[in-house]
Amino acid sequence: AAGAGDALSRLAADASSARSAVTTSATAGIRALVMSVGGVAILCYLSPQLAGATLLLVPPVAVGGRTFGRRVRLAQRDVQDKLAEASSASEWALGSLRTVRALGCERIEEDKYTQRLGSAYRAGVGVWLQQAVFEGGLSLAANASIVVVLGLGANQVLSGAMTAGELTSLLLYSANVGFSIGNLSTVYADAMKAAGATSRIFDIIDADAADTATTLSAEEAAASAALPKKKGGMVEQLMTPPALPSLLPAAREGSISEASYFVDSAAEPFVEFDQVHFRYPSRTETPILRGLDMPVPQGAFVSICGASGSGKSTIASLLMRLYDPDAGSVRIRGTSLRDVDTRALRERVTLVPQETALFSGTIRDNITYGAGRYASDEEQLAFAAELAGVEAFTGHLPKGMATAVGDKGVQLSGGQRQRIAVARAILRRPRVLLLDEATAALDLQSEARVNAALRRLQQDAGTTIISIAHRPSTIRAADEVIVLEHGRVAQRGGYDSLLADADSALNRLLRNRT
Ligand SMILES: Nc1ncnc2c1ncn2[C@@H]1O[C@H](COP(=O)(O)OP(=O)(O)OP(=O)(O)O)[C@@H](O)[C@H]1O
Ligand SMILES: [Mg+2]
């Protein structure tokens, strides 16, 4: 799966490699060719016998050059591949910085990059070593041919068949021929190196554009054809997910050690925004939050709504500690986030962001990304996939969870990406789950499934759920609605009671939208 980063780095590195091959190597090659042919002609004219001795050099150099050339071509291709992998890893990580940081996966990404760069480096050293050995061998052969000419020529001078002057000019020519043949081989090796590099360019150019685009849609067509058959008793199916292992043995086991950290009386605020003021560092003239007070009890299921741009995603960023507030504090269990280890925080608080960042890899890779101790637990994985409704579409794909998602998930629909992000969050078994429009791209039926899953997470695992939402169906799924206005909480309460009051901030919001 070649990603954009992969393709970009290939093009840049490969094109420069091809350019140097064409410019420097081509001229050097032509010069070496002319000099070898001309030198051999003059040698033959001066002394056919000694010319023959010099030409003995040709077969071993030709054979060595061919073998070596092939190896360099393959090795160089390998180097180029590995460089491309390294840069696509960094490109994804930098492009999805929020996701990587929110999931606490900085180290994973750093290690991935370092490791890939390391293997590119080792492959590169391999190429240079081979080249050094080959070029060393060439000089040796060229020098050996001079020694042979010198030996044979000295005999002829002693026997009077040749003058010392003739021998000197012969030597000069044979040295010239020897080195020109050597140069010719080096140029050949360079050309092979370039061929290794440029074969990647042609891979890109020749790649059948339709090829990558159609793989999944064909599978999906099959999937949607299969769907209607499953429809019977839709509502029951939605509200009572098929018998699943009741919540999570591992979670219960984990909660013993987490108890000391998180035990809390439900009455006390668990997550608390206290007089929080915030402006983005890049736009300090615009206050976003202006004295936000927002206590959320442990195990609550609340939704936050407000006009677009009212600061909902900002609240999520502050809770993940992607930023610190300018004034006031954000606390979990009474401890300011400034005093909490960010890693520990992001292990316990999981954000499903508004824009889901997937990386190229399989659906399974994407769900288990950053899942720590649950990453290799098949039962937990299947459970998370089922709850988030991932299973509902992977079940119809021939490769199931092993289906590749394409660069940044382009081979999936927005809703499918969201379901993967929700499954990823569920698998991490967070204490606080933040959803930023996480079901906005789902149809109502799929959304109802996810909402039912969230409800189970809240009830069985005691997860505190904060869901940022626009849609009434999502807002209503929570126990309590928090309405933001002007950087503060304008109102909070049950959905139905807020809706009943015609002047409520919620009604104002819903009216303004349409
Ligand atoms: N990184 C940033 N730097 C500067 N300003 C930002 C940044 N991110 C958001 N903003 C601004 O902060 C305000 C609040 O943004 P935020 O993303 O929190 O809104 P939102 O309530 O989530 O909106 P939406 O419903 O459209 O997602 C907006 O006016 C936005 O332009
Ligand atoms: Mg937002």
Side-chain angles (χ1 to χ4, degrees), residues 93-103 106 271-294 296 302-330 337 342 346 349-358 414-415 417-418 421-422 425 432-442 447 450 454 465-478 480-492 495 498 504-514:
L94 293 176
S96 316
L97 210 49
R98 277 173 61 95
T99 308
V100 173
R101 287 178 69 197
L103 295 172
E106 296 95 331
V271 172
E272 184 174 23
F273 283 73
D274 180 10
Q275 279 300 306
V276 170
H277 289 260
F278 180 75
R279 354 180 143 220
Y280 279 97
S282 58
R283 218 189 288 159
T284 49
E285 70 282 2
T286 322
I288 309 293
L289 300 181
R290 294 186 274 187
L292 179 82
D293 278 315
M294 192 184 78
V296 177
V302 303
S303 70
I304 299 179
C305 58
S308 178
S310 59
K312 301 181 297 297
S313 300
T314 307
I315 290 179
S317 297
L318 288 173
L319 195 48
M320 297 307 296
R321 205 167 172 228
L322 298 176
Y323 299 94
D324 278 326
D326 301 330
S329 69
V330 182
L337 296 191
T342 345
R346 291 174 192 163
V349 182
T350 291
L351 168 67
V352 180
Q354 198 162 11
E355 305 289 337
T356 298
L358 299 186
R417 282 199 291 274
Q418 286 194 330
V422 170
V432 179
L433 178 55
L434 271 167
L435 303 141
D436 193 351
E437 303 273 2
T439 51
L442 298 188
E447 193 202 357
V450 171
L454 295 178
I465 299 174
I466 301 177
S467 157
I468 293 168
H470 270 298
R471 260 201 210 167
S473 58
T474 319
I475 301 173
R476 200 174 47 206
E480 195 185 9
V481 183
I482 296 174
V483 188
L484 290 188
E485 246 174 30
H486 314 300
R488 282 191 216 99
V489 173
Q491 194 171 41
R492 56 192 287 175
Y495 180 83
L498 292 189
S504 69
L506 180 65
N507 271 321
R508 258 201 310 277
L509 180 69
L510 295 176
R511 265 200 306 274
N512 284 344
R513 189 164 314 137
T514 47

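Sequential numbering from 1 along the given sequence is applied to the chain's residues. Counting starts at 1 for both ligands and their atoms, in listed order. Predicted model only: the values in this text are computed from it and were never measured.
Looking at heavy atoms from C-beta onward, V349 lies out of side-chain contact with V271 at the 4.5 angstrom threshold. Using a 4.5 Å heavy-atom cutoff, the side chains of V489 and L484 are in contact.
Each of V302, L289, V330, I304 was scored for a side chain to side chain contact (heavy atoms under 4.5 Å, CB included) with M294, with one residue passing: I304. F278 pairs with exactly one of L292, I315, L318 by the side chain to side chain contact (heavy atoms under 4.5 Å, CB included) rule, that one being L318.
For the Mg ion (ligand 2), the set of nearby N, O or S atoms under 2.8 Å includes none belonging to S308. Because the distance cut-off is set at 2.8 Å, T314 fails to qualify as a neighbour of the Mg ion (ligand 2), as none of its N, O or S atoms comes that close.
Protein heavy atom in closest approach to atom 26 (O) of ligand 1: S308 OG, 2.6 Å. Atom 27 (O) of ligand 1 has Q354 NE2, 2.8 Å as its closest protein atom, hydrogens excluded (heavy atom only). Atom 31 (O) of ligand 1 has R283 NH1, 3.4 Å as its closest protein atom, hydrogens excluded (heavy atom only). For atom 13 (C) of ligand 1, the nearest non-hydrogen atom of the protein is I288 CD1, 3.4 Å. The single protein non-hydrogen atom nearest to atom 29 (O) of ligand 1 is G309 O, 3.8 Å, given as residue, atom name and distance. For atom 15 (O) of ligand 1, the closest non-hydrogen atom of the protein is T314 OG1, 3.7 Å. At the top of the distance list for atom 25 (O) of ligand 1, counting protein heavy atoms only, stands K312 NZ, 2.7 Å.
Listed by number with element, the atoms of ligand 1 under 4.0 angstrom from any heavy atom of S313 are 17 (O), 18 (O), 20 (P), 22 (O), 27 (O). Every atom of ligand 1 with a heavy atom of S282 under 4.0 Å away is listed here by number and element: 3 (N), 4 (C).
Taking both residues in full, the closest heavy atoms of V100 and A93 are given as CG2-O, 4.0 Å, listed atom of the first, atom of the second, then distance. Residue C305 comes nearest to I475 through the heavy atom pair CB-CD1, 3.9 Å, listed as atom of the first residue, atom of the second, then distance. The shortest non-hydrogen separation linking R488 to G291 is CG-O, 3.6 Å. In terms of heavy-atom proximity, Q491 sits nearest to S504 at OE1-CB, 3.3 Å.
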### Task
Might you work through the side chain to side chain donor-acceptor pair (under 3.5 Å) test for Y280 and T314, ending with a clear yes or no?
CA-CA 9 Å; Y280 279 97; T314 307; 2.9 Å; yes
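An N or O contact shorter than 3.5 Å links H470 to ligand 1 by distance.
Residue-ligand proximity: G311 is placed with a non-hydrogen atom under 4.0 Å from ligand 1.
In the candidate list Y323, Y280, F278, Y280 is nearest to atom 11 (C) of ligand 1, counting heavy atoms.
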